[in-house]
Amino acid sequence: MDDKPIPAYSPRDILYPLDEPWDKPSHISIIMDGNELRYCRFSNGDLSFLDGPPDPSTVWVKRAHETEAAGQLLRVENIVLRAISTHGGEMSLEAILGKIEALDITQEHAETLLRVLVARGDLTVKIRGKNASKPRFRLSDSSRRREGMRTFTSTFAHELTTQSEQIGRLIGHPPTRGSQREELLRNLIERHVPTRYHVATGFVEGANEQVDILIYDQVDYAPLFRAGNLVVVPIEAVRAVIEVKSMLNSDELEDALSHLEAAVGIQDDGPPIFRGVFAYEGLKADTLIKAFQHHHREVTDVEMRGQPIFSIYDMATAICVLRRTALFPGFGVSDCMDDSRRTPAIFELSSEAGRENEAALFFDFLLRHLRYPFTGSMTQGSFSKRFAIDVRQNGNGHPIYAGSDWGPYTINGGIERVEAQIAAYDRWLAGDNWVEPTVEDDTFPEYLR
């Protein structure tokens with residue numbers, strides 16, 4: 001973004017002077033007075049009017065509809081709040097600028113945005129002695145509360161890690177240790193999901209595979225069987241299935257994916273059931289991504305054991321390794337064809353400021369799938385609003401298939417169906433109502449219509 005302010009000011013613009021002492025910040029609001037613009041200066045609670053517009057070279061302009069500038073300011077604020085809160089509550093100018101370097105902006109512009117944060121009241125400044133060139137920065141009360149809300153998402157990881165380590169030290173029997181870790185996650189999820197849903201373990205009717213964590217609608221559906229926390233429920237009631245692993249390597253991931261596919265069976269309408277894999281420890285993301293790609297390899301005359309993808313219902317929703325990795329399968333845009341076909345891919349998300357948000361991202365995607373009713377707009381608050389500014393995507397995603405001719409693109413009538421599914425799913429996850437995608441094509445396989 002160009003650092004030079006644009007001289008033409010408009011009502012609702014906010015101007016931040018760049019030549020003031022760090023500990024005496026101000027900002028200038030612009031209002032319409034008849035047919036004239038008036039420039040109101042606010043400094044330490046005092047209001048005064050300027051005789052005319054300030055020199056553009058001495059101010060930074062925050063325009064009402066300039067989303068790029070606002071987004072960059074939010075990213076800087078996110079990094080700075082996290083850095084100060086984890087460095088004893090106070091940092092020097094040089095140390096903060098060093099943290100902002102990760103955003104790939106010039107030092108001059110970084111200092112400009114830091115002045116904006118001071119003028120907005122996000123930061124307070126302390127000058128030691130008479131050396132005004134060496135300010136020290138602290139969080140304001142409002143920033144501490146905001147950082148507390150963002151850091152709150154890390155408490156999921158801390159709670160699970162602490163209790164899991166206690167289990168590991170006290171219980172040497174691996175199966176029992178694994179069962180207790182499943183129970184830890186079940187209890188944590190149960191405290192945060194809507195009361196419409198019951199968090200249990202058990203079976204989907206007709207399946208032989210037990211699911212570690214099974215979340216179903218207990219208001220509209222009664223279990224076919226229940227003994228304590230073990231249930232058997234019809235597929236219509238199920239909204240989420242989760243496999244829990246103490247240690248996730250390539251073989252364990254493929255086993256968990258196969259387990260979830262067998263437990264849920266074929267789903268061909270409605271919003272997809274959440275299918276998650278959650279691990280307390282695990283290998284790095286690159287290794288797990290390769291295992292995911294291998295699991296969904298295409299079936300050939302030589303290799304008959306792949307699980308190829310034909311629709312939005314054929315992939316897991318989220319894969320989480322506590323305090324390490326958060327992977328989310330989805331659909332990217334293939335660059336192999338001129339028509340920009342959608343292609344299965346797996347994406348890695350993480351915290352830009354270094355918070356441990358992997359478990360929080362997993363829970364956020366889970367909660368999005370527990371909306372009710374499906375055909376209504378989202379009414380419950382988005383869990384991710386507390387930390388959305390801190391989430392970044394690492395790279396452009398990892399395609400599952402090298403080319404663009406995958407699954408439904410190889411079937412007559414498949415293109416329209418899968419693209420309609422993807423569009424409906426994307427809109428639903430974003431908060432819109434679910435509209436069942438349809439395709440009028442007699443040649444398309446019945447089980448995928």
Please test Ile189 against Ile242 for side chain to side chain contact (heavy atoms under 4.5 Å, CB included), starting from the C-alpha separation and ending with a verdict.
-> CA-CA 11 Å; Ile189 292 175; Ile242 301 171; 3.8 Å; yes

Separation of [Y] [atom2] from [X] [atom1] (nearest 0.5 Å):
X	Y	atom1	atom2	result
Arg417	Ser311	CZ	OG	8.0 Å
His295	Glu261	NE2	CD	3.5 Å
Arg427	Ile422	CZ	CD1	11.5 Å
Asp268	Gln421	CG	CD	9.0 Å
Leu73	Glu68	CG	CD	12.5 Å
Ile167	Gln180	CD1	CD	5.5 Å

Thr58 and Asp19 side chains, donor-acceptor separation under 3.5 Å | no

Apply ring-ring contact (aromatic ring centres under 6.0 Å, His included) to Tyr216 and Tyr221, showing your working.
-> CA-CA 8 Å; Tyr216 69 95; Tyr221 299 90; 8.8 Å; no

Not counting sequence neighbours, list each pair that qualifies as a salt bridge (charged side-chain N to carboxylate O under 4.0 Å, His left out) and has a residue in residues 344-359.
-> Arg75-Glu352, Glu147-Arg355, Arg323-Glu356, Arg355-Asp390

With sequence neighbours excluded, tell me which residues meet ring-ring contact (aromatic ring centres under 6.0 Å, His included) with [X].
X	result
His259	none
Phe347	none
Tyr16	none

Is the shortest heavy-atom distance from the side chain of [X] to the side chain of [Y] under 4.5 Å?
X	Y	result
Leu322	Thr161	yes
Leu93	Trp22	yes
Tyr197	Arg239	yes
Arg136	Val125	no
Pro194	Leu367	yes
Lys62	His27	no
Tyr372	Val219	no
Ile105	Val76	yes

Taking NZ, NE, NH1 and NH2 as the nitrogens, is one of them in Arg186 or Asp212 under 4.0 Å from a carboxylate oxygen of the other?
->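 Looking at Arg186 and Asp212, the cut-off is not met.
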
May I ask you to decide whether Asp217 forms a salt bridge with Arg196, counting only side-chain N to carboxylate O separations under 4.0 Å?
->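 Salt bridge present between Asp217 and Arg196.
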
Please indicate whether Lys99 has more than 12 foreign heavy atoms, meaning atoms of other residues, nucleotides or ligands, lying under 6.0 Å from its NZ.
-> no

Within the distance-only criterion (no hydrogens, no angle test), does the side chain of [X] pair as donor or acceptor with the backbone N or O of [Y] below 3.5 angstrom?
X	Y	answer
Thr155	Thr151	no
Ser351	Asn357	no
Glu436	Gly270	yes
Thr201	Val211	yes
Asn78	Leu74	no
Gln218	Thr195	yes
Tyr9	Pro54	yes
Ser143	Leu123	no
Gln267	Asp269	yes
Arg297	His294	yes

Assess the pair Trp428 and His369: is the distance between their ring centroids shorter than 6.0 Å?
-> yes

Please confirm whether Phe363 and Phe156 have ring centers closer than 6.0 angstrom.
->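 Judged by ring-centre distance (under 6.0 Å), Phe363 and Phe156 do meet the cut-off.
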
Tell me the closest heavy-atom pair linking [X] and [Y], and the distance in Å.
X	Y	result
Arg144	Leu139	NH1-O, 2.9 Å
Val118	Pro25	CG1-CG, 3.7 Å
Ile400	Ala345	CG1-N, 3.8 Å
Glu182	Val244	CG-CB, 3.7 Å
Tyr401	Pro308	OH-CA, 3.4 Å
Leu366	Ala240	CD1-CB, 3.6 Å

May I have the list of side-chain donor-acceptor pairs in residues 274-288 shorter than 3.5 Å, sequence neighbours left out?
{"residue": "Arg275", "atom": "NH2", "partner": "Tyr313", "partner atom": "O", "Å": "2.3"}
{"residue": "Arg275", "atom": "NH2", "partner": "Met315", "partner atom": "O", "Å": "3.3"}
{"residue": "Tyr280", "atom": "OH", "partner": "Arg181", "partner atom": "O", "Å": "2.6"}

Pairs under 3.5 angstrom only: tabulate donor-acceptor contacts from the side chains of residues 30-44 to other protein residues two or more places apart or in another chain.
{"residue": "Asp33", "atom": "OD2", "partner": "Arg38", "partner atom": "NH1", "Å": "3.1"}
{"residue": "Arg41", "atom": "NE", "partner": "Ser26", "partner atom": "OG", "Å": "3.4"}
{"residue": "Arg41", "atom": "NH2", "partner": "Glu20", "partner atom": "OE2", "Å": "2.1"}
{"residue": "Arg41", "atom": "NH2", "partner": "Ser26", "partner atom": "OG", "Å": "3.4"}

Are Asp426 and Arg342 close enough, and set up right, to give a side chain to side chain contact (heavy atoms under 4.5 Å, CB included), and what steps lead you there?
-> CA-CA 12 Å; Asp426 287 346; Arg342 301 295 296 272; 3.5 Å; yes

Passes side chain to side chain contact (heavy atoms under 4.5 Å, CB included), Ile319 versus Thr325? Steps please.
-> CA-CA 8 Å; Ile319 301 166; Thr325 301; over 6 Å; no

Start with the C-alpha gap between Arg145 and Met149, add the side-chain angles, then the distance that decides, and say whether side chain to side chain contact (heavy atoms under 4.5 Å, CB included) holds.
-> CA-CA 6 Å; Arg145 289 192 294 271; Met149 291 298 293; 5.9 Å; no

